[in-house]
Amino acid sequence: MDNLLEKLNEQQRKAVMHTEGPLLLLAGAGSGKTRVLIHRMAYLIEECGVNPYNILAITFTNKAAGEMRERVDSIIEVGSESIWVSTFHSLCVRILRRYIDRIGYENNFTIYDSDDQKQVVKEVMKRLDIDTKFIKERRALSAISRAKDELITPEEYCASAGNDRERAVIGRIYREYQSQLKKCNALDFDDLIVKTIELFKTNADVLNAYQERFKYIMVDEYQDTNTAQFGLISLLASKYQNLCVVGDDDQSIYKFRGANINNILQFEQVFEDTTVIKLEQNYRSTQNILDVANAVIKNNTYRKEKALWTENKEGEPISLRSFDNGFDEANGIARDIKSKVSVKNIKYSDCAVLYRTNAQSRTFEESFIRENIPYRIFGGINFYQRREIKDILAYLKTIDNAHDDLAVRRILNVPKRGIGAATVSRIMEYAVENDITFYNAMLHVKDIPSIGKAAAKIEAFTYMISSFRSKSTVMSLKDLVIDIINETKYIDYLKEIDEDEDDTNEREQNLDEFISKAVTYEDGAENPNLSEFLEEVALIADIDSMDGSDAVTLMTLHSAKGLEFENVYLVGMEDGLFPSYMSITSDDSTDLEEERRLCYVGITRAKKYLTLSHARMRMMRGETTYNKVSRFVKEIPVELMFSDSGARKSLARDFEMPSPKRENPVKKRTSYVMYDTVFDKPASAGSLGYAVGDTVKHVKFGVGTVTDIVNGGRDYEVTVDFETAGVKKMFATFAKLVKM
DNA sequence: CACAGGTCTCTTTTT
DNA sequence: GAGACCTGTG
């Protein structure tokens, strides 16, 4: 242990040895915070005699939890397996599985994923006769989710509506949504936290038991916790006050999901006698990369001042590369990876391609396949969200919990049994009238009037389910799944629905994969059972755990948080893509700051090499768009960034566009790109044919008044207040506004 | 009453 | 480009 402590710097050591009382660790990117957490656990156990059983470490993602688990196990010799390393959500599930009956649910509740949530909201809105034109499902759903993050109940939400019509309507949806979930004995992701808090608040004995168990609590990525999560850990830690949270306000990137930055800023007020320790030495990146990161993040106004420094070498300048389009970008990056692998002692697994949106992954995937580069994509279409997997899961869920209406209805006519929408709505009506679940209504199918010949089909279905149910008590999980696939002739069904034989084969492979996952679960579990398996599946967001194989990592910037790579590519550095169009046009300036933090996260993933790239033309949602170089790129000092000859050429062309007659201004320069010089010479505003105050017409938005024209480099950003569409910001070249 | 094919919309990030 | 939704046909 002494040995272990020696490897830490002074601040880190301080943090490790501060074991009693609340501790706030402000840890910059790459400052070794995970290292500190793990050493702290080791110190608690080996030096302070703390029982590992009393330690709880909470992370944000499964990936992070898995990684921490691994590192904990490798450093701590005895008892590491008793430390509870978990995400917020899986912690709550484990607690609720034991005690949720105390607050009126059954312990075998199901967990609804976002598809399920959407479905429920849709039905609720239909039932309440709310036009989706006025309030979109997405909007209602995110409002509900925000409310839960803030621990606002449906009643409170409705009460606070006042004169706000929209809020009142959403309140009604929220209330109905919640009672629907209750009826189905289901919880959504947010409920997992909310209901655990409810359980603790109403059952002092349960809370006390967990307070006694978790005497030492550590929370990683604390900047991303929301109000509910903070409430939860506050409750748990309130007795012993041994709470250590680690975070970095510059890496807060989940505001859209309810993350509350005040949790960091106000921590010291909530927990008195908090010790604050800052970790500012970066061990990960070269000086150059760190300078780039600092140059970008300093443009944010809402942040705690920090001085991140490193003893690492300066390193190579980062590179900026331009491409004509997204395909060229992918090919160019693929070639660059190949050359780095062959020349620079870099492995494929040292490389990561990070993008803003999942949709960008596809181009890279295709390119990598062509170039024979091993790769692995994280996130995106989750394995467990694939149709065939969701179908089989729905069978398992129905067998496990017949209250789960959504699951039942998903498979009622899958494979096709000739049970159509009309029959389903008859059953639903009956279920609502009698206040019973969908499945129970089906059991009474004979009492449902006008259901006609469909009744026999329904009975056949419920008979099949109950026979699966009795089989499930004697069969292994693996055999049950195989039995379901065979009995329902599911493979034949796949052949029916897929035009393409390859698609069917892929789906079959996925089913095989699913079966092996079931086997893996059964082999690993102490007491394997269907409910627990379903719960594990529900909480796994992606096919986690980077296994050892040598492959390039492809993921969104969001999922990259907490990871590090020798060689990083930040691709699609274009205004409108990153920062996203939404954040540029938002009237809330903190949205753009969140994007910038995301950029900061991306940059600081790189240890040695960092490449930024952008495409001048890109296919986005079926349309060709021309985007400017990301404003974040322009925040990087030129002396830190190298652009190769191809990039220089295309950039020169790029910036020349507004004034075609001018000589190439970039040509005279060194290899560094001089943005400011170039940007000072755009087309004259007069060439637009309109000015601030003019009335203009837009093809889609109609008539409006120009309120602002901003010189954005090679194009103008025009703000127009439209009579019907409201205020919009757009690029002059594409807006094609006509003066009236 | 079920199903197939055509039309429409909507796009960020995730446990 | 993909998915949800609607409409016409068998």
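Letters go in sequence order (proteins before strands), and every chain restarts at 1.
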**OP:** For A:Tyr254, answer base if it contacts any base atom (sugar-phosphate contacts may also be present), sugar-phosphate if it contacts only those atoms, and nothing otherwise; contact means non-hydrogen atoms under 4.0 Å.
**Re:** sugar-phosphate
**OP:** For salt bridge (charged side-chain N to carboxylate O under 4.0 Å, His left out), just list the numbers for A:Lys126 and A:Glu137, CA-CA rounded to whole Å, side-chain angles, deciding distance to a tenth of an Å, and then say yes or no.
**Re:** CA-CA 11 Å; A:Lys126 208 169 180 181; A:Glu137 290 150 15; over 6 Å; no
**OP:** Take the protein atom CG of A:Leu577 and the nucleotide atom C1' of B:dT11, then report the distance between them rounded to whole Å.
**Re:** 12 Å
**OP:** Look at all strands and tell whether A:Ile193 reaches a base, only sugar-phosphate, or nothing, counting heavy atoms closer than 4.0 Å.
**Re:** nothing
Original post:
With a 4.0 Å cut-off on heavy atoms, is A:Phe60 in touch with a base, just the backbone sugar-phosphate, or nothing at all?
Top reply: sugar-phosphate
**OP:** Please report, rounded to the nearest Å, how far the P atom of B:dT15 is from the CD atom of A:Gln117.
**Re:** 13 Å
**OP:** Could you tell me how the ring of A:Phe368 sits relative to the ring of A:Tyr375: parallel (under 30°), tilted (30 to 60°) or perpendicular (over 60°)?
**Re:** perpendicular
Original post:
So, for A:Asp116 and A:Ile111, which heavy atoms are closest and what is the spacing to 0.1 Å?
Top reply: OD2-O, 4.3 Å
Original post:
To the nearest angstrom, how far is A:Phe378 atom CZ from B:dT15 atom C1'?
Top reply: 17 Å
Original post:
Could you give the CG-to-P distance, from A:Leu557 to B:dT14, as a whole number of Å?
Top reply: 10 Å
Original post:
Rounding to a whole Å, what distance do you find between A:Glu594:CD and B:dT14:C1'?
Top reply: 12 Å
Original post:
Between A:Thr423 and B:dC1, does any side-chain N or O lie under 4.0 Å from OP1 or OP2?
Top reply: no
Subject >> Side chain of A:Lys416 (C-beta onward), nearest among B:dT15, C:dC5, B:dC3 >> reply: B:dC3
Original post:
Does A:Ser559 place a side-chain N or O at less than 4.0 Å from the phosphate oxygens OP1/OP2 of B:dT14?
Top reply: yes
Original post:
Does NZ or CZ of A:Arg97 fall inside the cone over A:Phe109's six-membered ring, less than 6.0 Å from its centre and within 45° of the axis?
Top reply: yes
Original post:
So does A:Asn358 get a side-chain nitrogen or oxygen closer than 4.0 Å to the phosphate oxygens (OP1/OP2) of B:dT13?
Top reply: yes
**OP:** Using the closest heavy atom to pick a nucleotide of DNA chain B for each, name whichever of A:Thr556 or A:Arg417 lands nearer the 5' end.
**Re:** A:Arg417
**OP:** Quickly work out the A:Ile253 CD1 to B:dT14 P distance and round it to whole Å.
**Re:** 9 Å
Subject >> Under-4.0 Å side-chain N/O to phosphate OP1/OP2 contact, A:Ser114 with B:dT14 >> reply: no
Original post:
Do side-chain atoms of A:Glu574 reach the backbone of A:His614 as a donor and acceptor pair under 3.5 angstrom?
Top reply: no
Subject >> Selected nucleotide, minimal atom distance to A:Glu137 side chain, candidates C:dC5, B:dT15, B:dC10 >> reply: C:dC5
Subject >> Separation of B:dT14 C1' from A:Asp115 CG (nearest whole Å) >> reply: 13 Å
Original post:
Within the structure shown, what part of the strands sits under 4.0 Å from A:Asn413 by heavy-atom distance: base, sugar-phosphate, or nothing?
Top reply: sugar-phosphate
Original post:
Are the side chain of A:Thr625 and the backbone N or O of A:Arg618 linked by a donor-acceptor pair below 3.5 Å?
Top reply: yes
Original post:
Taking only side-chain nitrogens and oxygens of A:Arg362, does any of them come within less than 4.0 Å of OP1 or OP2 of C:dA2?
Top reply: yes
**OP:** Would you tell me if any nitrogen or oxygen in the side chain of A:Arg138 comes within less than 4.0 Å of OP1 or OP2 on B:dT11?
**Re:** yes
Original post:
Which of these nucleotides, B:dC3, B:dT15, B:dT13, is closest to any side-chain atom of A:Phe256?
Top reply: B:dT13
**OP:** Find the distance A:Gln223:CD to B:dT15:P and express it as a whole number of Å.
**Re:** 15 Å
Original post:
Just checking A:Glu595: base, sugar-phosphate only, or nothing, at a heavy-atom cut-off of under 4.0 Å?
Top reply: base
Subject >> Distance test, side-chain N/O of A:Lys122 to OP1/OP2 of C:dC5, below 4.0 Å >> reply: yes
**OP:** Check every atom of B:dT15, B:dT13, B:dT11 against the side chain of A:His89 and return the nucleotide holding the closest atom.
**Re:** B:dT15
**OP:** Name the closest nucleotide to the A:Lys136 side chain, picking from B:dC10, B:dC1, B:dT14.
**Re:** B:dC10
